[in-house]
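Report on the following structure.
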Amino acid sequence: MTETLPILYVPAPILRQKAKPVAAADQVRDLADRMLATMYKAPGVGLAAPQVGVGLRLVVLDCGPKDAPAPMVLVNPELVAASEELAVREEGCLSLPGQFADVTRPYRVRVRYLALDGSKQEVEGEGLLSACLQHEIDHLDGKLFVDYLSILKRNMLLRRLAKDLKAKARDD
Ligand code: GNR
Ligand code: NI
């Protein structure tokens, strides 16, 4: 089995930094494999490289149904279009375990990226895939879903996370 990687939690500084473009797509194959294994194990529907301590613009995701795995690897993804129509969805993040909140984002987006073979690709998504694509690209820019919440809600959530992680560390 592919080795998994430890997931970093808020407030790890790398989660707030801008990730650097991948210079050669075919050189992140192993990392992408390990990120997919880490994502499925968590489990989650997406994972960005900074969440495993790597400051590169690399994302993996699988927003397909559980019975039909559809892993995607996006190198240097860029948002190229977003609908005016918005949608509200409850989001969570593997870097803020156990914390969830409603986030409003464009309902449909178009994302340009490189595949692992270096070929140019585009994907258009709505619903969960759209939210996931935006959530992961945000990670590459040091942005987290809590940044879309009111200060009050964000602080509540971050305080609860700190408390939960402290309790978990005590139990370990
Ligand atoms: O597992 C995840 N679920 C999720 C739900 C709604 C919108 C985005 C996501 S991504 C998240 C995994 C994660 O933290 N990716 O960075
Ligand atoms: Ni996340």
Side-chain angles (χ1 to χ4, degrees), residues 2 4-22 28 31-79 82-83 85-111 113 123-150 153-158 160-162 164-165 168:
T2 311
T4 57
L5 301 160
I7 296 174
L8 301 182
Y9 302 143
V10 168
I14 195 168
L15 294 172
R16 288 309 197 173
Q17 291 159 14
K18 195 171 161 72
K20 300 219 155 40
V22 172
V28 291
L31 176 58
D33 274 353
R34 275 177 289 191
M35 284 172 57
L36 279 167
T38 304
M39 179 190 81
Y40 286 124
K41 182 182 168 202
V45 295
L47 187 70
Q51 294 181 273
V52 292
V54 178
L56 288 174
R57 304 187 78 79
L58 173 65
V59 158
V60 297
L61 53 97
D62 188 340
C63 295
K66 274 203 182 76
D67 54 341
M72 292 182 64
V73 177
L74 285 68
V75 177
N76 299 340
E78 282 177 76
L79 201 71
S83 62
E85 188 186 346
L86 305 177
V88 181
R89 173 173 294 274
E90 182 175 75
E91 295 194 17
C93 181
L94 296 174
S95 295
L96 295 97
Q99 312 304 317
F100 303 89
D102 283 351
V103 177
T104 304
R105 300 181 185 270
Y107 172 67
R108 176 189 293 270
V109 295
R110 193 165 186 82
V111 170
Y113 65 97
V123 60
E124 193 170 80
E126 53 185 54
L128 176 61
L129 177 58
S130 173
C132 196
L133 286 165
Q134 295 175 71
H135 177 119
E136 301 314 334
I137 292 174
D138 275 351
H139 272 301
L140 305 182
D141 293 323
K143 194 155 185 177
L144 302 168
F145 80 87
V146 293
D147 300 344
Y148 295 97
L149 309 178
S150 69
K153 231 178 174 171
R154 173 162 70 235
N155 286 343
M156 206 172 73
L157 201 146
L158 292 175
R160 191 167 55 205
L161 173 68
D164 291 356
L165 290 177
K168 185 166 154 278

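Residues: numbered from 1 along the sequence shown. Atoms within a ligand are numbered from 1 in the order they appear, just like the ligands themselves.
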In order of chain and number, which residues sit within 4.0 Å of ligand 1 by heavy atom? Gly44, Val45, Gly46, Gln51, Glu90, Glu91, Gly92, Cys93, Leu94, His135, Glu136, His139

Is it the case that the side chain of Ser83 and the backbone of Arg108 share a donor-acceptor pair, with hydrogens and angles ignored and the cut-off at 3.5 Å? yes

Give a yes-or-no answer on whether the side chains of Tyr148 and Asp138 include a donor-acceptor pair shorter than 3.5 Å. yes

Do Met35 and Leu58 come within less than 4.5 Å of each other through their side chains, counting heavy atoms only? yes

I'd like to know if the side chain of Asp62 reaches the main chain of Gly64, judged simply by a donor and an acceptor atom lying under 3.5 Å from each other, with no hydrogens or angles considered. yes

Please confirm whether the backbone N or O of Val22 pairs with a side-chain atom of Asn76, one donor and one acceptor, at under 3.5 Å? yes

With a 3.5 Å distance limit and no angle check, can you tell me whether Gln134 reaches the backbone of Pro106 through a side-chain donor-acceptor pair? yes

Whether the side chain of Ser95 engages the backbone of Leu8 through a donor-acceptor N/O pair (distance < 3.5 Å, no angle test) should be reported. yes

Tell me whether Ser130 contacts the main-chain N or O of Tyr107 through its side chain, where contact means a donor paired with an acceptor under 3.5 Å. yes

Arg16 and Asp147 ion-paired at < 4.0 Å: yes

So the protein N/O/S atoms within less than 2.8 Å of the Ni ion (ligand 2) come down to Cys93 SG, His135 NE2, His139 NE2

